[in-house]
K.L.:
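Sharing a structure below in structure tokens format, with a few things to ask.
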There are 2 protein chains.
Amino acid sequence: MTNEATKTTRKSAPKPANRRTGAKASASSKPKPASSRAERAAERRGAIIAAAMDEFIARGFAATRLDDIAKRAGVAKGTIYLHFKDKESMFEELIRTAIVPLVTRLWATPPQPGASVRDMVEGFAKTFIEEVAATRRGDLVRLIVAEGPRFPEVADFYYREVVSRGLAGMRALIELGIARGEIQHKNLARFPQIMVAPALIAVIWQSLFSRHAPLDALEMFQVHLDLIFGERRTA
Amino acid sequence: MTNEATKTTRKSAPKPANRRTGAKASASSKPKPASSRAERAAERRGAIIAAAMDEFIARGFAATRLDDIAKRAGVAKGTIYLHFKDKESMFEELIRTAIVPLVTRLWATPPQPGASVRDMVEGFAKTFIEEVAATRRGDLVRLIVAEGPRFPEVADFYYREVVSRGLAGMRALIELGIARGEIQHKNLARFPQIMVAPALIAVIWQSLFSRHAPLDALEMFQVHLDLIFGERRTA
DNA sequence: TGACAATGACTGACTAGTCAGTCATAAATG
DNA sequence: CATTTATGACTGACTAGTCAGTCATTGTCA
């Protein structure tokens with residue numbers, strides 16, 4: 001997904017068949033007005049966002065070229081400026097756009113009322129590892145870590161929307177576990193970060209070291225939960 | 001080669017007070033031979049490395065200008081190229097240069113033979129948090145996380161020299177703890193990452209969120225150790 | 001030891017190239 | 001056909017890397 005195969009195609013000959021009529025709805029031989037202007041504008045915006053996400057993740061903010069984003073999105077460079085003020089605000093808006101569904105996804109865990117706290121945390125971690133750590137979304141997290149210090153707005157937003165809320169939720173869960181007697185360590189509620197730490201490690205490991213030594217994040221998280229809740233089954 | 005008179009006019013007036021005699025050792029009125037050519041060359045190399053480290057940490061690889069590094073180091077841009085092949089290899093060599101003392105520092109923990117495993121891990125973590133997480137060295141770690149995917153050589157080196165060794169050492173410590181009966185969770189030896197996770201969290205937190213919510217990394221690590229070794233004192 | 005020549009570390013103006021952002025023009029739309 | 005939307009050639013600012021020239025230091029010799 002992050003390959004730069006684009007280079008080969010460069011601009012040889014093929015006359016890329018204006019995609020306004022062609023590419024979008026390949027089947028429609030006639031320019032059916034099915035999609036209103038606004039709809040197609042939104043589609044393009046989406047294509048730009050997706051392309052930009054790939055490029056930013058692969059190269060980082062500074063090294064990403066708008067020409068590449070445009071090419072990948074199948075639009076002209078000028079079109080980007082119909083949707084975004086400049087590269088910087090595009091980046092910021094991008095992150096914001098991407099984070100919302102990410103958080104939604106994570107909080108969409110079925111809140112089984114009968115489940116134990118461990119089951120809830122486990123389900124949460126499973127979702128996180130499968131939907132974030134093991135996918136391109138994980139690289140988004142890494143991107144935020146990487147560029148955060150240079151984009152305080154992004155770091156702020158991420159703190160407010162993800163970190164702060166996530167930790168608050170986790171703290172509530174821990175306190176529930178303590179109240180129910182599932183968790184013995186009362187101090188854990190003071191540092192919900194500990195509960196989440198291995199998940200973040202998994203994200204970083206995935207990006208940097210999985211080539212050298214694959215890491216079974218779910219296994220690891222199970223062991224971590226054993227520390228907190230006690231061994232599940234007598235190993 | 002096409003120019004003619006330009007060269008002669010070159011640096012007509014300002015005569016920038018050659019800094020070889022002046023700036024370097026401002027106090028030394030006489031050109032004391034204390035510093036041989038080679039010595040001062042090494043000094044300059046050191047200055048370049050320090051300056052480059054600051055700039056790369058602050059801006060990331062792509063956004064860092066060699067002009068800025070040169071200015072900060074107090075040398076001309078050309079001088080950089082007497083010491084490094086190009087920007088990229090400078091970056092790579094830089095990381096390598098910086099990591100070695102970092103690892104040395106960490107392994108320099110006094111290996112008290114009488115100490116408990118918990119004490120050893122605690123001492124280790126204390127060193128790490130004080131010497132890395134709370135200092136500019138922590139930003140180096142973040143820099144590696146940030147640029148790693150674009151510099152596989154750097155990521156490889158970091159894995160080999162730091163991660164791999166660190167985890168091996170930690171695993172040995174955990175196994176010792178299990179053998180001694182200090183640690184109950186046998187599976188922990190399979191994932192030494194868990195032991196280390198909160199320390200890494202602390203590094204990232206420090207760079208990104210400490211403005212919003214300061215984090216007492218040592219406290220957090222204590223709680224984490226309580227999970228692994230059992231409560232130290234009845235809280 | 002003093003004078004002079006050789007050395008090479010250092011400089012910074014310069015080149016060649018890159019890329020964010022613009023805008024005159026063209027295409028689609030209604 | 002008037003208006004909205006898209007295009008991509010173009011511009012100007014910026015920067016990695018070069019190299020002819022400078023000069024403090026070192027070496028040599030009388």
Side-chain angles (χ1 to χ4, degrees), chain A residues 10-11 15-24 30-45 47-48 52 55 59 61-71 73-91, chain B residues 1-25 28 30-45 47-48 52 55 59 61-71 73-91:
Chain A
R10 207 33 102 76
K11 97 276 266 337
K15 174 56 194 319
N18 199 324
R19 61 190 52 64
R20 234 170 310 172
T21 43
K24 199 87 293 174
K30 54 184 61 183
K32 60 175 180 185
S35 46
S36 72
R37 270 204 201 190
E39 276 169 351
R40 279 180 305 105
E43 260 177 49
R44 298 209 132 181
R45 192 192 162 86
I48 292 169
E55 292 289 331
R59 299 168 148 61
F61 176 79
T64 291
R65 291 177 292 257
L66 290 190
D67 282 306
D68 289 346
I69 293 176
K71 192 182 294 177
V75 301
K77 185 156 63 147
T79 307
I80 292 175
Y81 287 88
L82 298 177
H83 293 277
F84 302 95
K85 184 171 147 284
D86 57 15
K87 190 183 177 185
E88 198 166 313
S89 52
M90 176 165 79
F91 180 75
Chain B
M1 48 286 280
T2 56
N3 56 356
E4 293 91 15
T6 43
K7 291 297 162 52
T8 42
T9 8
R10 207 38 104 69
K11 86 265 283 326
S12 46
K15 179 56 190 321
N18 199 320
R19 66 187 52 65
R20 234 168 310 174
T21 41
K24 196 84 294 173
S28 71
K30 54 185 60 182
K32 61 175 177 185
S35 48
S36 70
R37 276 232 251 231
E39 275 169 351
R40 278 180 305 103
E43 256 177 50
R44 300 210 128 178
R45 191 192 162 86
I48 291 169
E55 293 288 331
R59 298 170 146 63
F61 176 80
T64 291
R65 289 178 293 258
L66 290 189
D67 282 309
D68 288 346
I69 293 176
K71 191 184 294 179
V75 301
K77 184 151 65 140
T79 307
I80 292 175
Y81 287 89
L82 298 176
H83 293 279
F84 302 95
K85 183 172 148 285
D86 56 16
K87 192 183 177 187
E88 198 167 312
S89 52
M90 176 166 79
F91 180 75

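Note that the structure is predicted; figures quoted are calculated from it, not measured. Lettering of chains follows the sequences in order, A, B, ..., and the numbering in each one begins at 1. Atoms considered below: every heavy atom in the structure, side chains included; atoms not considered: hydrogens, waters and symmetry mates.
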K.L.:
Report yes if the side chains of B/R44 and B/L82 come closer than 4.5 Å at any heavy-atom pair, otherwise no.
P.N.:
no

K.L.:
Any side-chain heavy-atom pair from A/R59 and A/D68 closer than 4.5 angstrom?
P.N.:
yes

K.L.:
Could you state the atom-to-atom distance from CD1 of B/I48 to C1' of C/dT11 in whole Å?
P.N.:
12 Å

K.L.:
To the nearest Å, how far apart are A/D86 CG and D/dA13 C1'?
P.N.:
16 Å

K.L.:
A/K87 side chain: which of D/dG17, C/dG21, C/dC10 is closest?
P.N.:
C/dG21

K.L.:
With the side chain of B/K77 defined as its heavy atoms from C-beta on, choose the nearest nucleotide among D/dT5, D/dG17, C/dA20.
P.N.:
D/dG17

K.L.:
How many angstroms lie between atom CE of B/M90 and atom CD1 of B/I80, to the nearest 0.5 angstrom?
P.N.:
5.5 Å

K.L.:
Quickly work out the B/F91 CZ to D/dA16 C1' distance and round it to whole Å.
P.N.:
16 Å

K.L.:
Taking for each residue the nucleotide of DNA chain C with the nearest heavy atom, is it B/H83 or A/T64 whose nucleotide lies nearer the 5' end?
P.N.:
B/H83

K.L.:
Please state how far atom CZ in B/R65 lies from atom P in D/dA16, giving the value in whole angstrom units.
P.N.:
8 Å

K.L.:
Could you go through A/F91 and A/T64, starting from their C-alpha distance and side-chain angles, then the distance that decides it, and tell me whether this counts as side chain to side chain contact (heavy atoms under 4.5 Å, CB included)?
P.N.:
CA-CA 10 Å; A/F91 180 75; A/T64 291; over 6 Å; no

K.L.:
For the side chain of B/L82, counting heavy atoms from C-beta on, which of C/dG12, C/dG21, C/dC10 is nearest?
P.N.:
C/dC10

K.L.:
Please determine if a side-chain N or O atom of B/R44 lies less than 4.0 Å away from the OP1 or OP2 oxygen of C/dT11.
P.N.:
yes

K.L.:
Would you kindly give the NZ-to-P distance between A/K71 and D/dA6, to the nearest whole Å?
P.N.:
20 Å

K.L.:
What's the NZ-P distance between A/K85 and C/dA20, to the nearest Å?
P.N.:
15 Å

K.L.:
Between atom CD1 in A/I80 and atom P in C/dT22, what is the gap in whole Å?
P.N.:
13 Å

K.L.:
From the set D/dT7, D/dA16, C/dC10, return the single nucleotide nearest to any side-chain atom of B/L66.
P.N.:
D/dA16

K.L.:
Measuring from A/E88:CD to A/F61:CZ, what's the distance to the nearest 0.5 Å?
P.N.:
5.0 Å

K.L.:
Of the candidate nucleotides C/dA20, D/dT7, D/dA16, which contains the atom at the shortest distance from the side chain of A/Y81?
P.N.:
C/dA20

K.L.:
Send over the distance from B/D67 CG to D/dA16 P, rounded to a whole Å.
P.N.:
7 Å

